[in-house]
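First up is the structure itself, then whatever we jot down about it.
The chains referred to below are lettered A, B, ... by the order of the sequence lines, with proteins before strands, and numbering in each begins at 1. The model shown is predicted, which means the values in this text are computed figures rather than measured ones.
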Amino acid sequence: MIETTTQEETQTYSFPDKKGYFGKFGGKFVPEILIPALEELESAFQTAIKDDTFWADYHRLLNEYVGRETPLTFCDRLTEHFGKAKIYFKREDLCHTGAHKINNAIGQVLLARRMGKKRIIAETGAGQHGVATATVCAKFGMECIIYMGAEDTERQKLNVDRMGLMGAKVIPVHSGSKTLKDATNEAIRDWVTNVEDTFYIIGSAVGPHPYPVMAREFHRIIGDETKRQLQEAEGENILPDYVLACVGGGSNAIGIFYPFVDDASVKLIGIEAGGLGFETEETAATLTKGTPGVLHGSLSYLLQTDSGQVQLAHSVSAGLDYPGIGPEHAHLFDTGRVKYVAVNDKEALEGVKLSSSLEGIIPALETAHAISYLNILMPQTTENEIVVLNCSGRGDKDMGTISKYI
Amino acid sequence: MIETTTQEETQTYSFPDKKGYFGKFGGKFVPEILIPALEELESAFQTAIKDDTFWADYHRLLNEYVGRETPLTFCDRLTEHFGKAKIYFKREDLCHTGAHKINNAIGQVLLARRMGKKRIIAETGAGQHGVATATVCAKFGMECIIYMGAEDTERQKLNVDRMGLMGAKVIPVHSGSKTLKDATNEAIRDWVTNVEDTFYIIGSAVGPHPYPVMAREFHRIIGDETKRQLQEAEGENILPDYVLACVGGGSNAIGIFYPFVDDASVKLIGIEAGGLGFETEETAATLTKGTPGVLHGSLSYLLQTDSGQVQLAHSVSAGLDYPGIGPEHAHLFDTGRVKYVAVNDKEALEGVKLSSSLEGIIPALETAHAISYLNILMPQTTENEIVVLNCSGRGDKDMGTISKYI
Amino acid sequence: MSRISNVFKNKAEDEKVMTLFLTAGYPEQEATVDLILGFEKNGADIIELGMPFSDPLADGPTIQYSSNVAIENGTTLSSIFEMVKEVRKSSQIPLVLMGYINPILKYGMEAFFSDAAEAGVDGFILPDVPVEEADQVDAMCKKYDLDLIYLVAPNTTEERMKLIDEKSRGFIYCVSVTGVTGARDGDEVAKSVEKFIDRVNSNIHKNPVLVGFGIKNYEDATRISEKMDGFVVGSALITNIRENYPNAGWKENVVSFVKTLKYGNKADVPAS
Amino acid sequence: MSRISNVFKNKAEDEKVMTLFLTAGYPEQEATVDLILGFEKNGADIIELGMPFSDPLADGPTIQYSSNVAIENGTTLSSIFEMVKEVRKSSQIPLVLMGYINPILKYGMEAFFSDAAEAGVDGFILPDVPVEEADQVDAMCKKYDLDLIYLVAPNTTEERMKLIDEKSRGFIYCVSVTGVTGARDGDEVAKSVEKFIDRVNSNIHKNPVLVGFGIKNYEDATRISEKMDGFVVGSALITNIRENYPNAGWKENVVSFVKTLKYGNKADVPAS
Ligand SMILES: Cc1ncc(COP(=O)(O)O)c(C=O)c1O
Ligand SMILES: Cc1ncc(COP(=O)(O)O)c(C=O)c1O
């Protein structure tokens with residue numbers, strides 16, 4: 001069993017198992033050549049998470065560089081707007097670089113240093129994980145190569161420039177659909193080729209074991225802080241009734257869900273990108289619409305054709321525009337512990353407006369999916385309940401898209 | 001004398017005086033019709049700053065909404081790069097909306113509420129103050145009108161869209177040079193016309209008394225935090241040897257300088273925008289190049305022609321592109337307590353690179369002026385000294401400009 | 001006794017003092033003297049000569065426009081003094097310079113007031129110099145025997161009106177509605193000002209009071225200045241110039257507009 | 001004994017087993033059977049038939065390209081089984097299906113291996129199913145009497161090589177350099193692999209070993225497979241097809257390229 005950093009409570013939920021499975025999902029479906037690299041990584045990870053100095057470094061960087069802890073903001077006007085449960089936002093949008101992604105990038109770059117790796121690679125879609133990785137590489141003086149679909153490098157030129165400014169080399173990927181899925185393939189190919197000196201920082205709770213559990217352990221600080229902050233705000237032993245997060249690969253969601261998994265009274269809701277509607281082919285609602293399969297090293301759910309080819313996802317938000325999902329979410333879906341719903345492009349854009357006009361918080365389009373779901377959820381809540389929503393990122397990166405639609 | 005919030009120390013520096021003068025500079029050079037409004041404002045301000053509940057609201061919002069306190073980041077790689085004094089950045093770039101401006105907007109909107117004003121107006125250049133104002137207005141459900149030079153509304157369309165999304169009305173100003181100076185004129189005209197129900201939130205440490213002192217009191221939290229944080233990091237009673245900040249109107253600079261004004265050992269350096277060179281006409285180096293004069297309600301320094309017409313400023317950074325400066329800086333300049341220097345457009349862009357590539361922090365172009373000055377300052381420092389630089393904002397808003405030049 | 005005070009002293013009981021605001025150097029520097037003399041002949045009692053400034057924050061778009069044109073025409077304080085000297089060759093109409101403080105500071109306080117007095121200026125209206133900031137200006141005006149005219153606004157307290165009455169010399173300029181200079185609807189103005197005018201009349205005793213802002217024609221002027229000593233027309237005059245300039249006969253047209261401001265279409269218009 | 005094992009049993013002592021990788025359905029579905037039969041006639045001992053996948057993360061650009069074309073051509077696991085059946089009508093050349101696990105999962109594990117066996121497939125190489133994840137696949141292969149071929153890489157530990165040798169049936173595919181499939185320079189490859197090949201030979205005893213990745217021509221093949229049982233050519237063959245297709249006579253050209261891979265320009269090329 002993977003050891004976690006929880007000292008506070010005994011978790012009865014104890015996934016993944018030794019083989020990296022969350023129930024039926026997970027594993028490491030990778031070329032033989034990566035097996036030693038994953039074993040080396042897992043052993044470094046296991047050692048690190050038992051090492052106080054590792055966590056001290058991690059927390060010092062998050063506090064002094066990233067700006068944690070992030071606030072838990074009481075959204076008085078949104079609350080008033082619905083007139084039901086109290087709404088809080090966990091403000092990952094205030095992290096350095098503008099999204100939760102950097103929590104994981106910091107954790108992984110620290111591991112890479114411990115392992116003596118000098119060259120960092122990563123994939124990116126919208127560029128948020130690429131920017132986070134380029135950032136930590138600049139801060140640590142490490143070589144940084146970012147794979148990005150050629151189409152995304154054009155759509156997200158701003159983030160390409162940000163990465164370049166920080167010294168990262170952005171490699172446009174021209175294969176396949178020229179988006180995140182292909183950038184990931186290409187990053188894996190680089191890793192396969194340069195496995196000796198290269199550390200691959202995966203940007204979500206996906207990939208072969210131990211990546212999903214690493215992403216979780218480096219993001220669970222979101223949920224751990226939330227739990228403590230809510231008690232500070234609302235009183236001892238108070239738990240939220242609902243915790244909401246958008247789900248692309250699933251890293252921000254698992255980060256806020258995980259510390260509540262054993263708290264049975266807390267309803268956890270993951271919001272996927274419905275795209276043009278999950279009844280269409282233009283969707284990224286992996287759990288709602290997909291079937292089990294293997295992509296990028298783990299067995300999880302997947303959008304795929306009848307013959308098992310991976311489908312292109314569609315979402316207005318680049319960060320959710322991915323046909324796979326982390327295996328732990330597949331497990332939490334199958335066991336029913338987390339409820340997954342889908343919100344369409346159009347509804348997400350309404351979510352942007354809602355939060356911007358009532359709270360002065362312009363969310364990332366990814367986050368906006370979760371916000372929009374409040375329109376469905378809130379009427380079912382009562383005044384003495386509490387809803388916490390993970391505000392995973394800020395919307396600056398999306399203003400171009402948002403302006404086009406609004 | 002204005003009462004300040006310092007409880008910790010007796011300040012021997014005690015400006016402004018009752019008439020709103022910092023030595024020879026300041027005052028309220030405004031139409032008669034604004035005099036009652038300024039008196040009402042001053043009295044509300046004086047009452048508020050003696051009221052613990054006011055400060056409680058202010059601090060609660062800054063902590064739970066804006067994300068304060070902002071970290072004091074030790075810049076190990078920049079430090080190593082110069083091999084001299086230790087360099088710290090005070091991370092105002094991590095504030096909600098991306099710059100220090102919101103500290104002041106929060107303080108002023110709280111005042112507006114206490115005064116029962118329902119309509120907020122503001123001027124903006126690059127849009128940072130406009131966004132901060134639109135943000136707090138959304139959070140408080142207040143009507144918000146932003147004046148912005150017609151030229152700036154085009155150059156900074158992204159920020160125009162951000163304001164619009166939050167429900168603010170952006171009014172393009174077609175008079176004069178169609179930039180910040182003229183937006184300010186127009187905001188004052190609006191105020192003159194709607195003085196009864198309107199609160200004017202000025203975006204820097206400029207304007208008639210009590211605006212400059214208000215901006216200072218609402219931004220001094222930057223310096224107060226810095227002082228405490230540096231002692232936590234370096235030991236009791238340790239003070240920085242140098243404190244650096246860029247100077248447009250002067251709000252971020254006075255915010256970090258003020259708590260150190262009475263600490264004679266601390267060298268304070270304000271960095272102005274040299275534009276194409278302060279020996280040219282294309283500059284925004286008000287103190288380095290200007291002469292005393294009255295603009296927008298106070299007597300300070302000013303870029304002006306021989307016949308006393310205000311000149312157009314020039315800077316690559318919209319937030320420094322202003323021909324005036326707050327009166328307190330004029331005073332600190334005249335008394336020599338603060339040293340003011342100018343950094344050119346080109347050097348500022350080098351500053352962006354320096355901080356991005358070594359620290360993973362892409363600064364606002366305004367901030368980059370201060371960063372670039374490290375190239376001049378650092379060789380004169382020694383290894384046991386400490387430099388603190390106010391990282392006033394993040395560079396996302398400037399990526400278009402930066403990409404064009406780099 | 002100053003030229004300004006003389007106007008008020010010499011006017012008929014029910015006559016209203018007509019003050020015209022003209023931006024010096026607008027629409028061309030060469031025209032200013034002619035316009036002033038033409039205004040005088042057609043009923044103007046006092047001329048406010050605007051000193052153009054790049055950032056006229058108390059002015060509406062009309063006067064901003066005229067200021068920009070004047071600056072582009074090269075108008076400076078020195079050139080304004082030349083205009084005043086030229087007027088003084090043939091006229092004793094009171095001339096009040098109106099403008100922002102910055103160009104004056106740049107010119108140099110002492111030099112400015114001394115040169116102004118020498119040129120034949122009578123007084124000053126400085127909209128961005130309220131009583132609080134006026135000590136030095138006041139001292140200079142006294143030294144050179146010049147009038148300093150303050151404004152009162154609808155939101156000026158009674159206490160403050162008294163203070164302004166005490167400090168003002170020449171007259172007091174009563175801003176009839178909150179707002180910047182500009183052509184507002186006279187009707188609206190009339191309604192909103194009645195109470196205000198009563199307050200002004202009960203608190204200001206030493207100085208004559210002229211009412212301004214928003215007067216577009218004879219009817220506005222008559223109604224609004226009913227309980228006052230006279231009125232000021234600014235934006236409406238600039239607008240009229242803007243409409244006529246540079247068509248042939250523009251000066252004549254402007255001057256006859258001025259006549260209608262003072263006399264309306266009444267039969268008793270004196271021959272000009 | 002399986003067809004694959006027979007190949008190794010029957011080959012001459014110093015003969016190298018030539019295995020060719022061809023993406024099924026590339027460049028057209030109709031061509032696959034012809035190509036296989038032509039390859040057999042010109043020296044191929046074993047055929048690896050690639051099952052195209054949308055996300056071939058262990059493959060370089062050449063094979064990615066051929067996979068995309070094959071998918072666009074409508075190639076599916078079912079259509080591949082049809083191709084295999086067609087080959088089996090006239091040939092007993094060992095056929096190894098190589099591909100990623102996802103389409104197999106989607107097809108259904110049991111159905112896939114059962115249908116494969118029925119069609120006449122001999123074995124499988126599944127690059128994203130390492131030993132750790134192979135339990136079910138292994139059970140299926142055993143059930144249907146099919147070979148399961150694993151890969152070893154330069155960074156595979158000796159302990160693990162032994163495990164893989166134990167688990168593998170048919171042969172072992174030795175990836176000669178770290179990296180994805182693709183045409184690397186043979187020289188570079190040769191130098192970097194010597195030590196690795198020695199390690200492989202001291203740890204792998206049960207299975208024959210074929211070496212692959214980066215072999216472009218007869219000389220590469222000869223040098224690299226010197227201490228091995230044979231070699232695999234993939235990307236170089238796809239590249240050759242890509243260069244020739246769809247020119248007239250493309251199949252003949254490809255087939256004669258295959259002949260040079262096995263025999264070089266030696267005089268003793270058997271008549272085809
Ligand atoms: C702001 C934000 N939220 C959410 C996501 C989705 O990723 P995940 O599901 O891993 O949190 C992204 C990915 O780019 C993102 O940038
Ligand atoms: C990031 C940032 N820094 C500095 C400034 C300059 O203003 P001030 O001198 O008032 O801090 C601005 C103004 O827009 C800004 O956005």
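Within the 4.5 angstrom heavy-atom criterion, atoms from both the backbone and the side chain of A:P31 approach chain D. Within the 4.5 angstrom heavy-atom criterion, atoms from both the backbone and the side chain of D:F53 approach chain A. Contact of A:E186 with chain D is made through the side chain alone, with heavy-atom distances under 4.5 Å. Contact of A:E40 with chain D is not made at all, since no heavy-atom distance falls under 4.5 Å. For D:I164, the part sitting under 4.5 Å from any heavy atom of chain A is the side chain, from C-beta outward, and nothing else. When heavy atoms are compared at a cutoff of 4.5 Å, D:Q64 approaches chain A solely by way of its side chain, counted from C-beta outward. Within the 4.5 angstrom heavy-atom criterion, atoms from both the backbone and the side chain of D:P56 approach chain A. In this structure, chain D has no heavy atom under 4.5 Å from any part of A:H174.
Judged purely by distance below 3.5 Å, without hydrogens or angles, the side chains of A:T288 and A:E272 pair a donor atom with an acceptor atom. No side-chain donor from either of A:Q304 and A:Q309 sits under 3.5 Å from a side-chain acceptor of the other. When only modelled atom types and interatomic distance are considered, A:Y200 and A:E123 share a side-chain donor-acceptor pair under 3.5 Å. Side-chain contact annotation: D:Y144 with D:E110, donor-acceptor N/O pair under 3.5 Å present. At a cut-off of 3.5 Å, with distance as the only test, a side-chain donor of D:E28 or D:Y245 sits close to an acceptor on the other residue. Side chains of A:S300 and A:S298: no donor on one and acceptor on the other come within 3.5 Å. Inspection of the D:Y100 and D:D55 side chains reveals no N or O donor paired with an N or O acceptor under 3.5 Å.
Annotation: side chain of D:M109 is in contact with side chain of D:V137 (closest heavy-atom distance under 4.5 Å).
For the pair D:K206 (side chain) and D:S168 (backbone), a donor-acceptor distance under 3.5 Å is present. Put simply, the side chain of D:D147 never gets that close to the backbone of D:I4: no donor and acceptor are under 3.5 Å apart. Looking only at distances, no side-chain donor or acceptor of A:H329 sits under 3.5 Å from a matching main-chain atom of A:G248.
Contact count versus chain D (heavy atoms, under 4.5 Å) is highest, among A:N185, A:T291, A:D182, for A:N185.
Cation-pi geometry between A:R119 and A:F199 is not satisfied (NZ or CZ under 6.0 Å from the ring centre, within 45° of the ring normal).
A 6.0 Å sphere centred on CG of A:D197 holds more than 12 heavy atoms belonging to other residues, nucleotides or ligands.
Contact residues of residues 121-129 of chain D toward chain A are D:P127, D:D128, D:V129 (heavy-atom distance under 4.5 Å). Residues of residues 68-86 of chain D lying under 4.5 angstrom from chain A, judged on non-hydrogen atoms, are D:N68, D:I71, D:T76 by number.
For an aromatic pair to be called close, the ring centres must be under 6.0 Å apart, and A:Y301 with A:F333 satisfies this.
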